[in-house]
Amino acid sequence: MTTSATRVLVLNSGSSSVKYQLLDMRDGARLAVGLVERIGEAVSRLVHTPLTDSGERRERTGPIPDHAAALKAVAEELAADGLGLDSPELAAIGHRVVHGGLRFSAPTVVTDEVLAEVERLVPVAPLHNPANITGIRTARALRPDLPQVAVFDTAFHTTMPEHAARYAIDTEVADAHRIRRYGFHGTSHAYVSRETARLLGKDPSEVNVIVLHLGNGASASAVAGGRCVDTSMGLTPLEGLVMGTRSGDIDPAVTFHLKRVAGMSVDEIDDLLNKKSGLIGLCGDNDMREIRRRVDEGDERARLAFDIYIHRLKKYIGAYCAVLGRVDAVAFTAGVGENAAPVREAAVEGLESLGLAVDAELNAVRSGEPRLISPEGARVAVAVVPTDEELEIARQTYSLVTD
Ligand code: ADP
(Lines give C-alpha, C1' and ligand atoms only; values in the text may rest on other atoms or scores of the structure.)
Protein backbone atom coordinates (compact mmCIF):
# COMPACT_ATOMS: atom_id res chain seq x y z
CA MET A 1 0.00 0.00 0.00
CA THR A 2 1.23 3.49 -0.75
CA THR A 3 1.74 5.82 2.19
CA SER A 4 -0.82 8.20 0.69
CA ALA A 5 -3.63 5.64 1.09
CA THR A 6 -5.57 7.11 3.98
CA ARG A 7 -9.17 6.65 2.91
CA VAL A 8 -11.54 3.92 4.02
CA LEU A 9 -14.94 3.20 2.49
CA VAL A 10 -17.40 1.78 5.03
CA LEU A 11 -20.25 -0.31 3.63
CA ASN A 12 -23.32 -1.42 5.54
CA SER A 13 -25.22 -3.75 3.22
CA GLY A 14 -28.79 -4.68 4.11
CA SER A 15 -31.14 -6.92 2.17
CA SER A 16 -32.47 -4.05 0.05
CA SER A 17 -30.16 -1.19 0.96
CA VAL A 18 -26.52 -0.12 1.10
CA LYS A 19 -25.35 2.68 3.40
CA TYR A 20 -21.87 4.01 2.83
CA GLN A 21 -19.38 6.54 4.11
CA LEU A 22 -15.96 7.47 2.80
CA LEU A 23 -13.61 8.64 5.55
CA ASP A 24 -10.14 10.12 5.63
CA MET A 25 -8.33 8.36 8.46
CA ARG A 26 -5.81 11.14 9.03
CA ASP A 27 -8.49 12.91 11.05
CA GLY A 28 -11.58 10.70 10.71
CA ALA A 29 -13.28 13.32 8.49
CA ARG A 30 -16.18 12.25 6.27
CA LEU A 31 -15.57 12.88 2.58
CA ALA A 32 -18.93 11.55 1.40
CA VAL A 33 -21.95 9.74 2.83
CA GLY A 34 -24.86 8.09 1.10
CA LEU A 35 -27.57 5.51 0.89
CA VAL A 36 -29.02 3.28 -1.80
CA GLU A 37 -32.47 1.99 -0.88
CA ARG A 38 -35.20 -0.20 -2.32
CA ILE A 39 -32.63 -2.25 -4.30
CA GLY A 40 -34.48 -4.73 -6.52
CA GLU A 41 -37.75 -2.79 -6.46
CA ALA A 42 -39.27 -0.95 -9.41
CA VAL A 43 -38.02 2.41 -8.18
CA SER A 44 -34.76 2.46 -6.22
CA ARG A 45 -33.18 5.58 -4.81
CA LEU A 46 -29.62 6.71 -4.29
CA VAL A 47 -28.88 9.74 -2.13
CA HIS A 48 -25.27 10.87 -2.21
CA THR A 49 -23.83 13.73 -0.19
CA PRO A 50 -20.23 14.76 -0.78
CA LEU A 51 -18.89 16.59 2.25
CA THR A 52 -16.12 18.35 0.40
CA ASP A 53 -16.42 22.14 0.10
CA SER A 54 -17.79 22.16 -3.42
CA GLY A 55 -20.13 19.17 -3.10
CA GLU A 56 -23.90 19.16 -3.21
CA ARG A 57 -26.42 16.48 -2.22
CA ARG A 58 -27.52 14.48 -5.27
CA GLU A 59 -30.37 12.05 -5.70
CA ARG A 60 -31.06 9.44 -8.39
CA THR A 61 -34.19 7.37 -8.76
CA GLY A 62 -34.76 4.47 -11.13
CA PRO A 63 -34.32 0.72 -11.08
CA ILE A 64 -31.22 -0.59 -9.32
CA PRO A 65 -31.70 -4.34 -9.68
CA ASP A 66 -29.07 -5.72 -7.33
CA HIS A 67 -26.16 -4.94 -5.00
CA ALA A 68 -23.65 -5.01 -7.87
CA ALA A 69 -25.59 -2.28 -9.67
CA ALA A 70 -25.94 -0.35 -6.39
CA LEU A 71 -22.22 -0.38 -5.72
CA LYS A 72 -21.47 0.57 -9.32
CA ALA A 73 -23.79 3.57 -8.93
CA VAL A 74 -22.09 4.53 -5.66
CA ALA A 75 -18.68 4.26 -7.37
CA GLU A 76 -19.89 6.59 -10.13
CA GLU A 77 -21.15 9.15 -7.65
CA LEU A 78 -17.88 9.05 -5.72
CA ALA A 79 -15.88 9.34 -8.96
CA ALA A 80 -17.88 12.43 -9.94
CA ASP A 81 -16.50 14.10 -6.81
CA GLY A 82 -12.96 12.99 -7.52
CA LEU A 83 -13.25 10.32 -4.80
CA GLY A 84 -13.42 7.27 -7.09
CA LEU A 85 -12.89 3.74 -5.81
CA ASP A 86 -9.96 3.37 -8.23
CA SER A 87 -8.09 6.10 -6.33
CA PRO A 88 -4.71 5.06 -4.90
CA GLU A 89 -5.77 6.93 -1.77
CA LEU A 90 -8.32 4.24 -0.92
CA ALA A 91 -6.67 1.96 1.65
CA ALA A 92 -9.46 -0.55 2.25
CA ILE A 93 -13.18 -1.21 2.36
CA GLY A 94 -14.65 -1.96 5.80
CA HIS A 95 -17.86 -4.00 5.89
CA ARG A 96 -20.33 -4.21 8.71
CA VAL A 97 -21.11 -7.90 9.24
CA VAL A 98 -23.84 -8.66 11.74
CA HIS A 99 -22.97 -12.16 12.90
CA GLY A 100 -19.44 -13.41 13.45
CA GLY A 101 -20.37 -16.29 15.76
CA LEU A 102 -17.65 -17.42 18.13
CA ARG A 103 -14.97 -17.56 15.49
CA PHE A 104 -14.59 -13.81 14.85
CA SER A 105 -13.67 -11.78 17.89
CA ALA A 106 -11.81 -9.09 15.94
CA PRO A 107 -11.94 -7.36 12.56
CA THR A 108 -10.77 -9.74 9.86
CA VAL A 109 -9.38 -9.34 6.37
CA VAL A 110 -11.79 -11.14 4.06
CA THR A 111 -10.51 -14.25 2.31
CA ASP A 112 -12.47 -17.05 0.61
CA GLU A 113 -12.18 -19.03 3.82
CA VAL A 114 -13.52 -16.13 5.93
CA LEU A 115 -16.45 -15.70 3.54
CA ALA A 116 -17.22 -19.41 3.76
CA GLU A 117 -17.28 -19.17 7.57
CA VAL A 118 -19.57 -16.11 7.50
CA GLU A 119 -21.81 -18.13 5.17
CA ARG A 120 -21.85 -21.02 7.66
CA LEU A 121 -23.36 -18.56 10.17
CA VAL A 122 -26.38 -17.80 7.95
CA PRO A 123 -28.66 -20.19 9.90
CA VAL A 124 -28.15 -18.08 13.07
CA ALA A 125 -28.42 -14.74 11.21
CA PRO A 126 -30.75 -15.45 8.28
CA LEU A 127 -31.91 -11.84 7.92
CA HIS A 128 -28.53 -10.14 8.02
CA ASN A 129 -25.52 -12.21 7.00
CA PRO A 130 -26.70 -12.99 3.44
CA ALA A 131 -26.93 -9.27 2.61
CA ASN A 132 -23.56 -8.58 4.24
CA ILE A 133 -21.99 -11.40 2.21
CA THR A 134 -23.47 -10.03 -1.01
CA GLY A 135 -22.00 -6.61 -0.19
CA ILE A 136 -18.54 -8.09 0.37
CA ARG A 137 -18.62 -10.19 -2.81
CA THR A 138 -19.72 -7.19 -4.85
CA ALA A 139 -17.02 -4.93 -3.45
CA ARG A 140 -14.38 -7.60 -3.97
CA ALA A 141 -15.37 -7.96 -7.61
CA LEU A 142 -15.06 -4.20 -8.04
CA ARG A 143 -11.62 -3.88 -6.41
CA PRO A 144 -10.10 -7.38 -6.11
CA ASP A 145 -6.70 -5.93 -5.23
CA LEU A 146 -7.97 -3.96 -2.20
CA PRO A 147 -8.16 -5.33 1.35
CA GLN A 148 -11.78 -5.92 2.35
CA VAL A 149 -12.25 -6.05 6.10
CA ALA A 150 -15.20 -7.56 7.94
CA VAL A 151 -16.11 -5.85 11.23
CA PHE A 152 -18.55 -7.94 13.23
CA ASP A 153 -21.44 -6.68 15.38
CA THR A 154 -20.93 -9.64 17.69
CA ALA A 155 -17.13 -9.32 18.12
CA PHE A 156 -17.11 -7.05 21.18
CA HIS A 157 -19.34 -9.51 23.04
CA THR A 158 -17.12 -12.56 22.55
CA THR A 159 -15.45 -11.72 25.88
CA MET A 160 -18.68 -12.57 27.74
CA PRO A 161 -18.06 -15.34 30.25
CA GLU A 162 -19.78 -18.67 29.62
CA HIS A 163 -22.18 -18.14 32.51
CA ALA A 164 -23.52 -15.01 30.77
CA ALA A 165 -23.40 -16.38 27.23
CA ARG A 166 -25.06 -19.76 27.74
CA TYR A 167 -28.77 -20.36 27.95
CA ALA A 168 -29.87 -22.85 30.59
CA ILE A 169 -30.96 -25.43 28.04
CA ASP A 170 -29.67 -28.90 27.21
CA THR A 171 -25.97 -28.43 26.42
CA GLU A 172 -25.85 -30.98 23.60
CA VAL A 173 -28.79 -29.41 21.80
CA ALA A 174 -27.35 -25.94 22.32
CA ASP A 175 -23.92 -26.94 21.00
CA ALA A 176 -25.28 -28.89 18.05
CA HIS A 177 -27.14 -25.81 16.84
CA ARG A 178 -24.74 -23.12 18.12
CA ILE A 179 -27.48 -21.74 20.38
CA ARG A 180 -26.01 -19.22 22.80
CA ARG A 181 -26.11 -15.51 23.50
CA TYR A 182 -23.97 -13.63 20.96
CA GLY A 183 -25.16 -10.03 21.42
CA PHE A 184 -25.27 -7.32 18.74
CA HIS A 185 -24.54 -3.59 18.30
CA GLY A 186 -21.03 -4.54 19.49
CA THR A 187 -19.29 -1.89 17.39
CA SER A 188 -21.41 0.75 19.10
CA HIS A 189 -20.94 -0.68 22.60
CA ALA A 190 -17.17 -0.80 22.04
CA TYR A 191 -17.00 2.77 20.75
CA VAL A 192 -19.33 4.27 23.36
CA SER A 193 -17.74 2.50 26.33
CA ARG A 194 -14.33 3.80 25.24
CA GLU A 195 -15.61 7.33 24.61
CA THR A 196 -17.27 7.29 28.04
CA ALA A 197 -13.93 6.44 29.67
CA ARG A 198 -12.37 9.29 27.71
CA LEU A 199 -15.11 11.65 28.91
CA LEU A 200 -14.24 10.66 32.49
CA GLY A 201 -10.54 11.25 31.77
CA LYS A 202 -9.76 7.58 32.41
CA ASP A 203 -8.36 4.64 30.51
CA PRO A 204 -11.07 2.14 29.45
CA SER A 205 -9.32 -0.51 31.56
CA GLU A 206 -10.05 1.55 34.70
CA VAL A 207 -13.81 1.94 34.38
CA ASN A 208 -16.98 -0.12 34.53
CA VAL A 209 -19.69 1.18 32.21
CA ILE A 210 -23.29 0.30 31.43
CA VAL A 211 -23.99 1.24 27.80
CA LEU A 212 -27.62 1.75 26.77
CA HIS A 213 -27.83 1.74 22.97
CA LEU A 214 -31.40 2.91 22.39
CA GLY A 215 -32.20 3.23 18.69
CA ASN A 216 -35.00 1.55 16.81
CA GLY A 217 -33.19 -1.62 17.82
CA ALA A 218 -32.00 -1.38 21.42
CA SER A 219 -29.52 -3.18 23.63
CA ALA A 220 -27.72 -2.76 26.94
CA SER A 221 -24.26 -3.98 27.84
CA ALA A 222 -22.16 -4.29 30.96
CA VAL A 223 -18.54 -3.41 30.21
CA ALA A 224 -15.91 -4.08 32.88
CA GLY A 225 -12.50 -2.53 32.28
CA GLY A 226 -13.11 -2.32 28.54
CA ARG A 227 -14.40 -5.89 28.16
CA CYS A 228 -18.03 -6.82 27.65
CA VAL A 229 -19.26 -9.11 30.43
CA ASP A 230 -22.97 -9.17 29.57
CA THR A 231 -25.35 -7.84 26.97
CA SER A 232 -29.09 -7.90 26.50
CA MET A 233 -29.42 -9.29 22.96
CA GLY A 234 -28.97 -13.02 22.53
CA LEU A 235 -28.91 -15.61 19.76
CA THR A 236 -30.67 -12.96 17.68
CA PRO A 237 -31.40 -9.25 18.24
CA LEU A 238 -34.87 -10.14 19.59
CA GLU A 239 -33.88 -10.65 23.24
CA GLY A 240 -33.66 -7.93 25.88
CA LEU A 241 -35.04 -4.42 25.91
CA VAL A 242 -38.36 -3.28 24.47
CA MET A 243 -37.51 -1.92 21.01
CA GLY A 244 -39.23 -0.01 18.21
CA THR A 245 -40.80 -3.12 16.70
CA ARG A 246 -39.32 -6.03 18.72
CA SER A 247 -40.76 -7.42 21.94
CA GLY A 248 -37.45 -8.01 23.70
CA ASP A 249 -37.72 -10.52 26.59
CA ILE A 250 -40.85 -12.62 26.77
CA ASP A 251 -41.64 -16.01 28.24
CA PRO A 252 -40.56 -18.43 25.45
CA ALA A 253 -43.80 -20.32 26.09
CA VAL A 254 -45.67 -17.40 24.49
CA THR A 255 -44.44 -18.77 21.16
CA PHE A 256 -45.85 -22.26 21.91
CA HIS A 257 -49.10 -20.65 22.89
CA LEU A 258 -49.26 -18.59 19.70
CA LYS A 259 -48.71 -21.74 17.67
CA ARG A 260 -50.90 -24.17 19.56
CA VAL A 261 -53.73 -21.91 20.68
CA ALA A 262 -53.69 -18.99 18.24
CA GLY A 263 -52.79 -21.25 15.28
CA MET A 264 -49.99 -19.01 14.03
CA SER A 265 -47.14 -20.39 11.91
CA VAL A 266 -43.50 -20.03 12.97
CA ASP A 267 -42.97 -17.38 10.29
CA GLU A 268 -46.02 -15.44 11.51
CA ILE A 269 -44.75 -15.55 15.09
CA ASP A 270 -41.29 -14.45 13.95
CA ASP A 271 -42.89 -11.52 12.12
CA LEU A 272 -45.10 -10.65 15.11
CA LEU A 273 -42.25 -10.57 17.61
CA ASN A 274 -39.67 -8.87 15.38
CA LYS A 275 -41.78 -6.43 13.37
CA LYS A 276 -45.15 -5.90 15.05
CA SER A 277 -44.26 -5.84 18.73
CA GLY A 278 -42.31 -3.49 20.99
CA LEU A 279 -43.47 0.12 20.92
CA ILE A 280 -45.30 -0.21 17.61
CA GLY A 281 -47.22 -3.25 18.84
CA LEU A 282 -48.10 -1.54 22.10
CA CYS A 283 -49.24 1.82 20.78
CA GLY A 284 -49.00 1.92 16.97
CA ASP A 285 -45.92 4.16 16.89
CA ASN A 286 -42.24 3.27 17.11
CA ASP A 287 -40.80 6.76 16.94
CA MET A 288 -40.08 8.04 20.43
CA ARG A 289 -40.74 11.65 19.35
CA GLU A 290 -44.30 10.75 18.36
CA ILE A 291 -44.83 8.66 21.49
CA ARG A 292 -43.70 11.52 23.73
CA ARG A 293 -45.98 13.93 21.85
CA ARG A 294 -48.90 11.59 22.47
CA VAL A 295 -47.94 11.12 26.13
CA ASP A 296 -47.90 14.90 26.58
CA GLU A 297 -51.40 15.04 25.10
CA GLY A 298 -52.63 12.50 27.65
CA ASP A 299 -52.80 9.45 25.32
CA GLU A 300 -53.15 6.37 27.57
CA ARG A 301 -51.83 3.76 25.11
CA ALA A 302 -48.72 5.80 24.41
CA ARG A 303 -48.24 6.31 28.18
CA LEU A 304 -48.43 2.57 28.84
CA ALA A 305 -46.02 1.81 25.98
CA PHE A 306 -43.57 4.36 27.39
CA ASP A 307 -43.90 2.95 30.90
CA ILE A 308 -43.29 -0.63 29.70
CA TYR A 309 -40.22 0.56 27.76
CA ILE A 310 -38.84 2.34 30.83
CA HIS A 311 -39.64 -0.50 33.23
CA ARG A 312 -37.59 -2.96 31.13
CA LEU A 313 -34.75 -0.45 30.81
CA LYS A 314 -34.64 0.00 34.59
CA LYS A 315 -34.54 -3.75 35.13
CA TYR A 316 -31.48 -4.03 32.90
CA ILE A 317 -29.74 -1.09 34.59
CA GLY A 318 -30.33 -2.75 37.96
CA ALA A 319 -29.21 -6.13 36.67
CA TYR A 320 -26.00 -4.74 35.22
CA CYS A 321 -25.23 -2.85 38.44
CA ALA A 322 -25.38 -6.28 40.08
CA VAL A 323 -23.28 -7.92 37.35
CA LEU A 324 -20.59 -5.23 37.50
CA GLY A 325 -20.54 -4.72 41.27
CA ARG A 326 -19.06 -1.26 40.88
CA VAL A 327 -20.43 1.06 38.20
CA ASP A 328 -18.56 4.22 37.18
CA ALA A 329 -20.86 5.38 34.40
CA VAL A 330 -24.12 4.78 32.59
CA ALA A 331 -23.97 5.98 28.97
CA PHE A 332 -27.00 6.66 26.79
CA THR A 333 -26.53 6.45 23.03
CA ALA A 334 -28.25 6.06 19.59
CA GLY A 335 -31.36 7.88 18.34
CA VAL A 336 -33.44 7.65 21.51
CA GLY A 337 -30.58 7.64 24.00
CA GLU A 338 -28.94 10.71 22.46
CA ASN A 339 -32.09 12.74 21.91
CA ALA A 340 -34.88 11.76 24.27
CA ALA A 341 -34.30 13.56 27.58
CA PRO A 342 -37.59 12.20 29.07
CA VAL A 343 -36.38 8.63 28.49
CA ARG A 344 -33.08 9.33 30.26
CA GLU A 345 -34.82 11.03 33.16
CA ALA A 346 -37.40 8.26 33.60
CA ALA A 347 -34.81 5.47 33.25
CA VAL A 348 -32.82 6.56 36.30
CA GLU A 349 -35.71 8.00 38.33
CA GLY A 350 -35.83 6.35 41.75
CA LEU A 351 -32.40 4.74 41.36
CA GLU A 352 -30.66 7.13 43.78
CA SER A 353 -29.78 4.18 46.03
CA LEU A 354 -27.67 2.86 43.12
CA GLY A 355 -25.94 6.26 42.88
CA LEU A 356 -27.87 7.25 39.77
CA ALA A 357 -29.48 10.61 39.07
CA VAL A 358 -29.73 13.17 36.29
CA ASP A 359 -29.51 16.94 36.60
CA ALA A 360 -32.64 18.33 34.88
CA GLU A 361 -30.83 21.27 33.32
CA LEU A 362 -27.90 19.25 31.99
CA ASN A 363 -30.29 16.58 30.70
CA ALA A 364 -32.22 19.19 28.71
CA VAL A 365 -29.13 20.40 26.81
CA ARG A 366 -29.19 19.44 23.12
CA SER A 367 -25.74 18.73 21.73
CA GLY A 368 -23.91 16.33 19.46
CA GLU A 369 -20.99 16.12 21.89
CA PRO A 370 -20.36 13.55 24.61
CA ARG A 371 -21.50 15.08 27.89
CA LEU A 372 -22.29 14.36 31.52
CA ILE A 373 -25.88 14.80 32.70
CA SER A 374 -25.50 13.62 36.32
CA PRO A 375 -25.34 16.16 39.17
CA GLU A 376 -21.87 17.32 40.13
CA GLY A 377 -20.15 14.95 42.52
CA ALA A 378 -22.50 12.05 41.71
CA ARG A 379 -21.16 8.60 42.62
CA VAL A 380 -22.03 7.25 39.18
CA ALA A 381 -21.60 9.42 36.10
CA VAL A 382 -24.61 9.47 33.78
CA ALA A 383 -23.57 10.46 30.27
CA VAL A 384 -24.88 11.03 26.77
CA VAL A 385 -22.31 9.70 24.32
CA PRO A 386 -23.20 9.86 20.62
CA THR A 387 -22.32 6.64 18.88
CA ASP A 388 -20.40 6.49 15.60
CA GLU A 389 -20.40 2.97 14.24
CA GLU A 390 -19.02 4.00 10.83
CA LEU A 391 -16.02 5.76 12.35
CA GLU A 392 -15.36 2.73 14.56
CA ILE A 393 -15.58 0.36 11.57
CA ALA A 394 -13.25 2.65 9.59
CA ARG A 395 -10.75 2.85 12.47
CA GLN A 396 -10.72 -0.91 13.00
CA THR A 397 -10.37 -1.49 9.26
CA TYR A 398 -7.58 1.04 8.87
CA SER A 399 -5.60 -0.15 11.84
CA LEU A 400 -5.79 -3.73 10.55
CA VAL A 401 -4.46 -2.85 7.11
CA THR A 402 -1.78 -0.45 8.28
CA ASP A 403 -0.35 -2.57 11.11
P1 ADP B 1 -31.49 2.52 14.15
O2 ADP B 1 -30.03 2.75 13.78
O3 ADP B 1 -31.72 1.38 15.10
O4 ADP B 1 -32.44 2.55 13.01
P5 ADP B 1 -31.34 5.14 15.43
O6 ADP B 1 -30.24 4.99 16.41
O7 ADP B 1 -31.11 6.00 14.25
O8 ADP B 1 -31.94 3.74 15.01
O9 ADP B 1 -32.61 5.69 16.24
C10 ADP B 1 -33.82 5.91 15.59
C11 ADP B 1 -34.87 6.24 16.63
O12 ADP B 1 -34.42 7.33 17.43
C13 ADP B 1 -36.19 6.72 16.04
O14 ADP B 1 -37.03 5.61 15.76
C15 ADP B 1 -36.75 7.57 17.16
O16 ADP B 1 -37.53 6.76 18.01
C17 ADP B 1 -35.54 8.03 17.93
N18 ADP B 1 -35.28 9.47 17.84
C19 ADP B 1 -34.59 10.13 16.91
N20 ADP B 1 -34.56 11.46 17.18
C21 ADP B 1 -35.26 11.64 18.32
C22 ADP B 1 -35.60 12.76 19.12
N23 ADP B 1 -35.23 13.99 18.80
N24 ADP B 1 -36.33 12.54 20.23
C25 ADP B 1 -36.73 11.29 20.56
N26 ADP B 1 -36.43 10.20 19.86
C27 ADP B 1 -35.71 10.36 18.75
Side-chain angles (χ1 to χ4, degrees), residues 1 5-25 30-52 55 57-99 107-112 114-116 118-119 122 125 127-153 187 389-391 393-394 396-398 400-401:
M1 185 196 314
T6 57
R7 293 180 190 158
V8 172
L9 178 69
V10 175
L11 288 183
N12 183 350
S13 306
S15 55
S16 65
S17 70
V18 175
K19 291 185 200 144
Y20 62 94
Q21 293 198 358
L22 183 69
L23 294 96
D24 187 329
M25 298 319 294
R30 261 89 176 157
L31 302 173
V33 302
L35 162 75
V36 189
E37 56 187 358
R38 300 198 290 271
I39 296 170
E41 291 181 28
V43 183
S44 319
R45 190 167 80 116
L46 187 158
V47 181
H48 175 84
T49 310
L51 300 172
T52 45
R57 181 180 182 278
R58 300 193 291 274
E59 195 175 319
R60 306 186 183 185
T61 47
I64 298 181
D66 52 28
H67 283 71
L71 207 53
K72 194 164 155 276
V74 170
E76 285 166 11
E77 291 297 338
L78 288 167
D81 298 318
L83 300 168
L85 296 190
D86 52 357
S87 163
E89 290 179 52
L90 188 62
I93 300 182
H95 297 265
R96 175 182 183 220
V97 179
V98 169
H99 215 307
T108 305
V109 174
V110 175
T111 59
D112 291 340
V114 166
L115 261 185
V118 175
E119 225 150 22
V122 167
L127 297 179
H128 295 106
N129 274 27
N132 303 155
I133 292 165
T134 305
I136 295 174
R137 284 197 201 289
T138 310
R140 269 182 122 193
L142 210 64
R143 278 294 306 269
D145 56 315
L146 202 65
Q148 311 275 336
V149 175
V151 178
F152 300 92
D153 259 25
T187 307
E389 287 164 283
E390 289 77 18
L391 178 60
I393 291 172
Q396 293 192 14
T397 298
Y398 193 61
L400 191 64
V401 300

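Numbers for residues simply follow the sequence, beginning at 1.
The NZ atom of K19 sits 7.0 Å away from atom CG of L35, with the distance rounded to the nearest 0.5 Å. Taken from OH in Y20 to CG in L46, the straight-line distance is 4.5 Å, to the nearest 0.5 Å. If you take OG on S17 and CD1 on I64, they are separated by 11.5 Å, rounding to the nearest 0.5 Å. A distance of 7.5 Å separates CG of L9 from CG of L71, quoted to the nearest 0.5 Å. The OG1 atom of T134 sits 6.0 Å away from atom NE2 of H67, with the distance rounded to the nearest 0.5 Å. Here the straight-line distance linking atom OG1 of T52 with atom CG of D24 works out to 12.0 Å at 0.5 Å rounding.
In terms of heavy atoms, A69 sits closest to P65 at CB-CD, 3.7 Å. When all heavy atoms of P147 and A91 are compared, the closest pair comes out as CD-O, 3.4 Å. Nearest heavy atom pair, residue S15 against residue A131, reads N-CB, 3.4 Å. Closest approach of V36 to V74, counting heavy atoms only: CG2-CG2, 3.6 Å. The two residues S13 and G135 make their nearest non-hydrogen contact at OG-CA, 3.4 Å. Taking both residues in full, the closest heavy atoms of A5 and P88 are given as CB-O, 3.5 Å, listed atom of the first, atom of the second, then distance.
Checking side-chain atoms of R143 against main-chain N and O of L85 turns up a donor-acceptor pair under 3.5 Å. Although no hydrogens or angles enter the test, the distance criterion places no donor-acceptor pair under 3.5 Å between the side chain of T187 and the main chain of D153. Proximity of a side-chain donor or acceptor of N129 to a complementary backbone N or O of H99 within less than 3.5 Å is detected.
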What do the steps show when you test N132 against H95 for side-chain contact (heavy atoms from CB on, under 4.5 Å), and what is the final call? CA-CA 7 Å; N132 303 155; H95 297 265; over 6 Å; no

message: Under the criterion side-chain contact (heavy atoms from CB on, under 4.5 Å), I'd like the reasoning laid out for L391 against R30: C-alpha separation, chi angles, the key distance, then a yes or no.
response: CA-CA 9 Å; L391 178 60; R30 261 89 176 157; 4.2 Å; yes

Determine whether L31 and R7 satisfy the following criterion, side-chain contact (heavy atoms from CB on, under 4.5 Å), listing intermediate values before the conclusion.
CA-CA 9 Å; L31 302 173; R7 293 180 190 158; 3.5 Å; yes

side-chain contact (heavy atoms from CB on, under 4.5 Å) between T108 and F152: does it pass, once the steps are laid out? CA-CA 9 Å; T108 305; F152 300 92; 3.9 Å; yes

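Side-chain contact between R96 and V10 is absent, with no heavy-atom pair separated by less than 4.5 Å. Taking the side chain as every heavy atom from C-beta outward, V18 and T138 never approach each other to under 4.5 Å. You'll find the side chain of Y398 stays beyond 4.5 Å of the side chain of V149, heavy atoms only. When side chains are defined from C-beta on, L115 counts as touching R137, because their heavy atoms get closer than 4.5 Å.
Shown here are the side chain to side chain donor-acceptor pair (under 3.5 Å) partners of D86, two or more places apart in sequence or in another chain: there are none. For the salt bridge (charged side-chain N to carboxylate O under 4.0 Å, His left out) test, residues two or more places apart in sequence or in another chain that qualify with E77 are R58, R60.
A donor-acceptor contact closer than 3.5 angstrom links the side chains of H48 and D81. Checked by atom type, the side-chain pair R140/Q148 shows no donor-acceptor distance below 3.5 Å.
Under the side chain to side chain contact (heavy atoms under 4.5 Å, CB included) test applied with V97, the options I393, V114, I136, V151 reduce to a single match, I136.
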